Amino acid sequence: MLTDLRVRDLGVIEDLSLSFEGGMTALTGETGAGKTLVVEALQLVLGGRATPTLVRAGATEALVEARFLRETSEGEREIVIARAVPAEGRSRAWIDGRMAPVSALSEIASELVEIHGQHAHQSLVTPAAQRAVLDAYAGTDLTPMQQLRAGLRALDAAVGALGGDEQQRAREADVLRYQVAEISAAHLSDPDEDDQLRHTEMRLADAGAHREAAAHAWELLEATSGNASDGGGGGDGVLARLAEAAGLLAGREAFDDYRQRINASAIDLSDVGRALRDVVEGWEDDPERLVEVQERRRLLSDLRRKYGADLAAVMVFARDAAARLDDLENAEEKAARLEAERARLVKELAQAEEKVRLVRTKAAARFGALVGERLADLAMAGARVEMRVGPAGAGDPIEAALGANVGEPVLPLAKAASGGELARAMLAIRLVAMGGPQTMVFDEVDAGVGGAAALALGSALGEVSRSRQVLVVTHLAQVAARADQQITVQKDEIGGRTLTSAFPVEGEARVIELSRMLSGHPDSDVARAHARELLGV
């Protein structure tokens, strides 16, 4: 429901703020006062076409803001949308205070407002909206058909995932078979293998230098007065020095902690020394092993170049390729099974669509007749409405067509009526099949209407307003009198500029406004008596 609308620097409107309530609101005023401009402002904030000519002379931009209350499954939610149209440049839009593309306003508009008027975006002229209206009236159960369509889409996706036709699958399988075999032949088991081989290669490639360095380090740790290889003690190696330092601290309680730490370091270094000795005594030149390591590393490098950034990625590729190959090798069996399932769903879908089409076809004739009866009450006697259902499938596209006058052809809604006739046709459709957004706006709905038809039009709008918020721009007192709220739009000349203002009228002020609408003489006692009669006061 629309609760607030603010318009600034749009045409003859300098700054206008309006508040709306539920039920029916009538916008009235002299011709040219700016009533329709209020509707145009609402269209603008709902994503309508914007041009710089809309901006008030002398202003840099026009701004329209609208606040809505929308019923959701979680309760009532407030939505605030805004649109700025500069005198130069592109327009801008906001939804709930956040900048948004103008297209987002159009998307949200269909959920908030339905506007009916000569220049308005007519939601009910689209096939989708007309189909929804007919289904709402007929109570069409679309669930089985929708479920079957979803199942068919899933099957088509599964068939597509098999990889095209038989020849394409065979070619892909050949490639995968080669790739899987190549990776499998490498017997990969450790993603860190190449790092380990790199260290081995470095050691094997320079084994002599490695032994010499290890021997020298061992000598520094365990050097004796004789040969380090004798393993004797009492020399000048690091371990001997540590033993000497620990001995100097022995028996001195104040240095027990330091002595223990020296002894611990000596034990660690002794372990290192033994390991270095093992290197010196155990490492030998092994050119054959070096060649093996280098060839293995070249193989792993080639696999990484083809299948992944590292060995872990290569192993993942191999698993995925094997799984895909298994799918392809069983594809024909799977394809046959999927095609059989698809054929079954296609048959069931055809039956479900036929049921929907029959429901729609049966309801269409009655729906058109009821809308025609409503149109007769709205000064369109002889108008004919047809809801055309297609001959195949579920009956799509559904098309509403109107013959506005006797002897005229029945044409699609958007081509068959003037602005006023089209608005009344929309009103009649909504009277027969309620639905759509919570707010409905009617502009020019009273064009060419008078007398008893005007009373019927007011009554019809009031009927719709019992379940929807209705805003109607009208020149008819008979229509305005049925409104729960009446807002008068007035144009004045102030300081050499034309300004439009709007304000609600109640009590005697409303009687005076209705008198003006009835006779053009707001001070006429006869007109005021008639106005009170219309208001029932």
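Only a predicted model underlies this, so the values are computations on that prediction, with no experimental measurement involved.
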[X] with [Y]: basic N within carboxylate O range, under 4.0 Å:
X: R171; Y: D174; value: no
X: D194; Y: R297; value: yes
X: E341; Y: R344; value: yes
X: K306; Y: D302; value: yes

From [X] [atom1] over to [Y] [atom2], what is the distance, rounded to the nearest 0.5 angstrom?
X: Q43; Y: L37; atom1: CD; atom2: CG; result: 10.5 Å
X: R153; Y: L345; atom1: CZ; atom2: CG; result: 11.5 Å
X: I183; Y: L311; atom1: CD1; atom2: CG; result: 10.5 Å
X: L471; Y: L2; atom1: CG; atom2: CG; result: 6.0 Å
X: D4; Y: L69; atom1: CG; atom2: CG; result: 8.5 Å
X: E292; Y: L197; atom1: CD; atom2: CG; result: 11.0 Å

If you define the side chain from C-beta out and look only at heavy atoms, does anything of [X] sit under 4.5 Å from [Y]?
X: W94; Y: V80; answer: no
X: L221; Y: R274; answer: no
X: L349; Y: E353; answer: yes
X: F255; Y: L248; answer: no
X: M426; Y: R430; answer: no
X: V346; Y: L152; answer: yes
X: V293; Y: R198; answer: no
X: I398; Y: M387; answer: yes

[X] to [Y] - nearest heavy-atom pair and separation:
X: A104; Y: I95; value: CB-CD1, 3.8 Å
X: V359; Y: A138; value: CG1-CB, 4.0 Å
X: A322; Y: V180; value: N-CG2, 3.8 Å
X: A41; Y: L10; value: CB-CD2, 3.6 Å
X: V85; Y: A50; value: CG2-CB, 3.7 Å
X: P86; Y: A84; value: CD-O, 3.7 Å

Is a side-chain donor or acceptor of R357 paired with a backbone partner of G393 at a separation under 3.5 angstrom?
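Indeed, once roles are kept as given, a pair shorter than 3.5 Å links the two residues.
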
Quick one: do the S91 and R83 side chains pair a donor with an acceptor below 3.5 Å?
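Per modelled atom types, S91 and R83 side chains form a pair under 3.5 Å.
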
Might you work through the salt bridge (Lys or Arg N to Asp or Glu O under 4.0 Å) test for D135 and R360, ending with a clear yes or no?
CA-CA 7 Å; D135 285 336; R360 287 171 171 173; 2.8 Å; yes

Residue [X] excluded, over 12 heavy atoms near [atom1] under 6.0 Å:
X: E76; atom1: CD; value: yes
X: E253; atom1: CD; value: no
X: K355; atom1: NZ; value: no

Show your working on side chain to side chain donor-acceptor pair (under 3.5 Å) between R261 and S265 and close with a plain yes or no.
CA-CA 6 Å; R261 289 167 64 183; S265 297; over 6 Å; no

Check the pair R77, D96 against side chain to side chain contact (heavy atoms under 4.5 Å, CB included), reporting the backbone distance first and the verdict last.
CA-CA 11 Å; R77 180 197 165 198; D96 289 335; 3.1 Å; yes

R49 and T51: side chain to side chain contact (heavy atoms under 4.5 Å, CB included), yes or no, with the steps?
CA-CA 7 Å; R49 184 171 177 269; T51 62; 3.3 Å; yes

Testing M1, Q469, E114 for side chain to side chain contact (heavy atoms under 4.5 Å, CB included) with P437, which one passes?
E114

Let me see the working for I81 and L46 under side chain to side chain contact (heavy atoms under 4.5 Å, CB included), right down to the final yes or no.
CA-CA 8 Å; I81 55 180; L46 293 171; 3.7 Å; yes

Apply side chain to side chain contact (heavy atoms under 4.5 Å, CB included) to residues R259 and N263 and explain how you reach the verdict.
CA-CA 6 Å; R259 181 178 57 78; N263 288 335; 3.6 Å; yes

